[in-house]
Undergrad: 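Please read through the structure below; I'll follow up with questions.
It should be emphasised that the depicted structure is a prediction, and the values quoted were computed from it without experimental measurement. Side chains are part of it too, since the values below use all heavy atoms of this structure and drop only hydrogens, waters and symmetry mates. Both ligands and their constituent atoms are indexed starting at 1 by order of listing.
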Amino acid sequence: MKNKVTKAIFPVAGMGTRFLPATKSVPKEIMTLVDRPLVQYAIDEARAAGIEDFIFVTARGKSALEDYFDHAPQLEQELERSGKTELLEAIRATTMDSGTIAYIRQQKAMGLGHAVWCARRLIGDEPFAVMLPDDVIAAETPCLKQMVDAHAETGGNMVAAMEVAPEQTKSYGILDVSAQDGAVVKVRGMIEKPEPAEAPSTLAVIGRYILTPATMRQLGQIAPGKGGELQLTDAIAAEIAETGDVHGFRFRGTRFDCGSKAGFLQATVAFGLARADLGPEFSTYLHELIAARAAAE
Ligand code: G1P
């Protein structure tokens, strides 16, 4: 079996109900963080980690996503004619080479585990990454690259992990770990969205995974779990029981939950402030706004 991770699955079939009415016509993944759609951040992170094949698990109503990755010859011609080279470069950087991107339809919303399983025929007998574009991670070394490097040492399955507040365990897959030290932790168990009283720890899974073909096979066997859905967490938990070959990886970086409105706003502010072209003016504006609000109170 090949050990290098060159394929990534992007589950993007979700309806994005938390962002209605915007998501009535725009897929959530196309929503804009400063000036790039969410999905572009995930793609750039994947590329930086050496991913060569990009597999999108989509659903009805997601055609804007496919168009986004297409060539835009008219737009390119126009930008070239008017000498807007920087924009031309930005547009060209979004185009994917022919054959590197594949779309699979998830016909029924049966959960994240099922979405990943839909891509099984494109994966074959090699390890693969899963990236959830809702989780945007700002990091000096992109998160998936950190994981691919750590995975070269450990092999097996690896999930990104981060501490959360005890009352938040019910929003995440939660890890049961034997030793808490270091970036790489051995995982003994994994539970999808436990209530705080049932949570084995406060170490939560964030949407970056490196998984084995055996875990993909587990996805074809698991029963519906939390919320009546086929859960990726349950397939990984089954692999722990069978092989014990699952590691948590505490990444270095800041994660934004762009699946929630508050998280999306926080990411917008943080990424806006971090931009050389926008940051200084935006920072002045925010300071003035906050001072004016404080004065009015
Ligand atoms: C999914 C997973 C969950 C994980 C989370 C990370 O949940 O099921 O285990 O912790 O992503 O963002 P979702 O947020 O899609 O409900």
Side-chain angles (χ1 to χ4, degrees), residues 8-19 23 27-29 31 33 38-39 41-42 45 56-59 106 109-118 129-139 143-144 147 157-177 185 187 189-196 198-211 215-216 218-219 222-240 246-251 253-264 266-267:
I9 300 175
F10 301 80
V12 290
M15 296 214 291
T17 42
R18 278 195 270 183
F19 285 94
T23 45
K28 181 175 62 173
E29 299 75 22
M31 286 185 12
L33 196 48
L38 269 192
V39 70
Y41 291 85
E45 187 181 326
F56 285 80
V57 182
T58 70
Q106 183 189 28
M110 290 170 67
L112 176 61
H114 179 259
V116 171
W117 184 74
C118 286
V130 175
M131 300 184 75
L132 310 186
D134 273 2
D135 284 328
V136 175
I137 300 170
C143 181
L144 191 66
M147 288 175 71
N157 297 277
M158 182 173 275
V159 299
M162 178 186 101
E163 287 294 338
V164 295
E167 66 276 11
Q168 288 178 353
T169 58
K170 55 180 180 298
S171 302
Y172 297 94
I174 299 292
L175 300 178
D176 183 2
V177 292
V185 289
V187 181
M190 217 169 141
I191 310 180
E192 181 67 4
K193 302 186 176 140
E195 289 297 324
E198 274 92 57
S201 77
T202 49
L203 194 57
V205 176
I206 299 304
R208 304 286 184 276
Y209 306 75
I210 296 174
L211 302 174
T215 301
M216 182 62 100
Q218 294 284 3
L219 283 169
I222 53 168
K226 192 92 188 176
E229 296 188 333
L230 293 171
Q231 297 292 350
L232 186 55
T233 296
D234 294 345
I236 302 170
E239 251 330 85
I240 300 172
V246 179
H247 292 90
F249 180 77
R250 294 168 185 275
F251 56 92
T254 309
R255 173 260 186 174
F256 296 92
D257 174 13
C258 289
S260 81
K261 288 175 209 178
F264 207 113
Q266 287 160 14

Undergrad: Got a list of side-chain donor-acceptor pairs under 3.5 Å for residues 225-238, not counting sequence neighbours?
TA:
{"from": "K226", "atom 1": "NZ", "to": "K193", "atom 2": "O", "distance (Å)": "3.1"}
{"from": "Q231", "atom 1": "NE2", "to": "K226", "atom 2": "O", "distance (Å)": "2.9"}
{"from": "T233", "atom 1": "OG1", "to": "E192", "atom 2": "OE1", "distance (Å)": "2.6"}

Undergrad: Which atom pair, heavy atoms only, marks the closest approach of D134 to G259?
TA: OD2-CA, 3.6 Å
Undergrad: For ligand 1, list the protein residues that place a heavy atom within a distance below 4.0 Å of one of its atoms, sorted by chain and number.
TA: L112, L132, D135, Y172, G173, E192, K193, V205, G207, Y209, Q231, T233, R255
Undergrad: Can you list everything that forms a side chain to side chain contact (heavy atoms under 4.5 Å, CB included) with Q168? Sequence neighbours excluded, please.
TA: V164, A165, Y172
Undergrad: Taking side chain to side chain contact (heavy atoms under 4.5 Å, CB included) as the test, write out the residues that go with A109, two or more places apart.
TA: none
Undergrad: Within the supplied structure, the quantity of interest is the number of heavy atoms (other residues, nucleotides, ligands) at a distance under 6.0 Å from M31 CE; does it exceed 12?
TA: yes
Undergrad: Could you tell me which non-hydrogen atom of G207 sits nearest to which non-hydrogen atom of D135, and how far apart they are?
TA: N-OD2, 2.6 Å
